[in-house]
Amino acid sequence: MTFQARPEQGHFITFEGGEGVGKSTQLARLAEHLRDCGLEVATTREPGGTPKAEKLRRFLLSGRAAPLGALAEAVLFSAARADHVETLIAPVLKRGGWVLCDRFADSTRAYQGAQGGVDARTLALLERAAVGDTRPDLTIILDLPAREGLARAAARRNSGEALDRFERETPAFHEALRQAFLDIAESEPERCCVIDAARSVDDVARAVRAIVHDRFLAHAAQAAQ
Ligand code: TYD
């Protein structure tokens, strides 16, 4: 299996998918497992992960950037990502650690692209500027019918808590989003793995662990022999 060459040597795994698919839970489960294996693991999220990026997160999720248009939002998500990569992700990878990130550039492709406002070429240029060569080795796409994900997200929300800018979008938008993630997986099968997220948390966690062992840890064990 070939992976994109990256200057850093660590392992970079991203979790992607629509609303309520269980990314955060699965990311935490994998982090716990890898730490139990004695590995250095940094967990982070997008938008956010650094003080500057968290400021942009608050602005973006409040919906205050929405009137500026999808391109402006894509630029702001990318600006947050550039800082995140430079100050958090790349340094951990450089010292050989693992980075598990809840959403990354595929979310911009899917959300800002699926919204129809921003074409794929522009998104690719923004991605290149923000990410450089620090691309994920593996992207786990958790897949769930949009209606089910939205219902799960609604169930975990505290009563009275407002929907964020993207949760307020129509069910049709969220279905388009699901398809956009599946299309990304199909176009980059070496990097992306789609997991059926309708199963129990334990079953999904087992599937995630199996993929990670297969891709990385089995190789390391063989190399050590
Ligand atoms: P968050 O509360 O982290 O949502 P979730 O639990 O679904 O991950 O909010 C992040 C929101 O921002 C989510 O609706 C997806 C959206 N988003 C984009 O539109 N573009 C992006 O590039 C990223 C990283 C997130």
Side-chain angles (χ1 to χ4, degrees), residues 12-29 43-50 52-85 88-89 99-118 120 122-131 134-136 139-158 161-171 173-181 184 197 201 204:
F12 184 18
I13 302 176
T14 57
F15 286 75
E16 298 276 8
E19 310 290 328
V21 296
K23 291 179 285 65
S24 319
T25 306
Q26 292 302 332
L27 186 150
R29 291 284 293 262
T43 59
T44 186
R45 67 166 180 188
E46 289 214 343
T50 62
K52 280 185 202 164
E54 289 289 334
K55 274 190 191 162
L56 286 165
R57 176 189 175 90
R58 283 193 288 280
F59 184 59
L60 282 159
L61 297 197
S62 71
R64 277 178 293 156
L68 305 176
L71 175 59
E73 286 182 308
V75 170
L76 292 171
F77 277 113
S78 303
R81 182 162 305 128
D83 186 63
H84 191 205
V85 167
L88 191 153
I89 297 172
V99 176
L100 308 188
C101 189
D102 188 343
R103 295 195 183 282
F104 194 62
D106 294 317
S107 281
T108 309
R109 291 192 205 174
Y111 277 78
Q112 281 63 55
Q115 229 176 358
V118 188
T122 306
L123 289 176
L125 289 171
L126 284 173
E127 189 172 317
R128 177 82 206 155
V131 169
T134 308
R135 294 178 183 277
T139 295
I140 307 274
I141 295 179
L142 297 178
D143 180 55
L144 200 60
R147 189 175 306 188
E148 216 174 303
L150 290 170
R152 282 193 193 177
R156 78 173 179 220
R157 194 177 304 119
N158 299 323
E161 194 182 320
L163 295 177
D164 77 30
R165 183 249 176 282
F166 296 97
E167 289 166 341
R168 284 195 291 266
E169 289 284 350
T170 62
F173 169 87
H174 289 284
E175 260 318 321
L177 203 59
R178 179 191 189 194
Q179 192 53 51
F181 281 118
I184 292 169
V201 170
V204 176

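Remember, it's 1-based here, ligands and their atoms both numbered in the order they're listed. Predicted model, so just to flag it, every value in this text is computed and none were measured.
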#### Entry: For atom 22 (O) of ligand 1, the protein heavy atom that lies nearest, with its residue and separation
Thr108 OG1, 2.5 Å

### Summary
In short, Ser107 meets Glu16 closest at the heavy-atom pair OG-OE1, 2.5 Å

### Task
Report the part of Glu46 in contact with ligand 1, treating N, CA, C, O as backbone and CB onward as side chain, heavy atoms under 4.0 Å; options are side chain, backbone, both, neither.
both

### Query
Which atoms of ligand 1 have any heavy atom of Arg81 under 4.0 Å away?
22 (O), 24 (C)

### Query
In the protein, what heavy atom is nearest to atom 25 (C) of ligand 1, and what distance, to one decimal place, separates them?
Phe77 CE2, 3.5 Å

### Interatomic distance, Leu163 atom CG to Glu161 atom CD [nearest 0.5 angstrom]
8.5 Å

### Query
Does the pair Arg156/Glu19 count as a salt bridge with the N-to-O cut at 4.0 Å?
no

### Query
Can you tell me the protein heavy atom closest to atom 19 (O) of ligand 1 and the distance?
Gln112 NE2, 2.9 Å

### Query
Which residue supplies the protein heavy atom nearest to atom 5 (P) of ligand 1, what is that atom called, and how far is it?
Lys23 NZ, 3.6 Å

### Task
Any chance you could lay out the side chain to side chain contact (heavy atoms under 4.5 Å, CB included) test for Val204 and Leu142, step after step, and finish with the verdict?
CA-CA 9 Å; Val204 176; Leu142 297 178; 3.9 Å; yes

## Note on the structure
Closest non-hydrogen contact found for Ala80 with Ala53 is O-CB, 3.6 Å

### Query
Can you tell me which residue and heavy atom of the protein come closest to atom 11 (C) of ligand 1, and the distance to 0.1 Å?
Leu61 CD2, 3.6 Å

#### Entry: Arg57 and ligand 1 - part of the residue with a heavy-atom distance under 4.0 Å
side chain

### Query
Does Arg81 count as lying over the ring of Phe104, i.e. NZ or CZ under 6.0 Å from the six-ring centre, within 45 degrees of the axis?
yes

### Summary
When distances are taken from atom 16 (C) of ligand 1, the protein heavy atom at minimum range is Phe166 CD1, 3.6 Å

### Task
Output the distance between atom CG (Leu76) and atom CG (Leu56), rounded to the nearest 0.5 Å.
6.0 Å

### Message
For Arg157, is the CZ atom crowded, meaning more than 12 foreign heavy atoms sit under 6.0 Å from it?
### Response
yes

### Message
Tell me the protein heavy atom at minimum distance from atom 14 (O) of ligand 1, and give that distance in Å.
### Response
Glu19 OE2, 2.8 Å

### Message
Looking only at protein heavy atoms, which one is nearest to atom 15 (C) of ligand 1, and what is the separation?
### Response
Tyr111 CZ, 3.3 Å

### Task
Select one of side chain, backbone, both or neither to describe which atoms of Glu73 lie under 4.0 Å from any atom of ligand 1, heavy atoms only.
neither

#### Entry: Those atoms of ligand 1 less than 4.0 Å from some heavy atom in Asp164
2 (O), 9 (O)

### Query
Taking heavy atoms and a distance under 4.0 Å, where does Arg156 meet ligand 1: side chain, backbone, both or neither?
side chain

### Query
Which of parallel (below 30°), tilted (30 to 60°) and perpendicular (above 60°) describes Phe166 and Phe77?
tilted

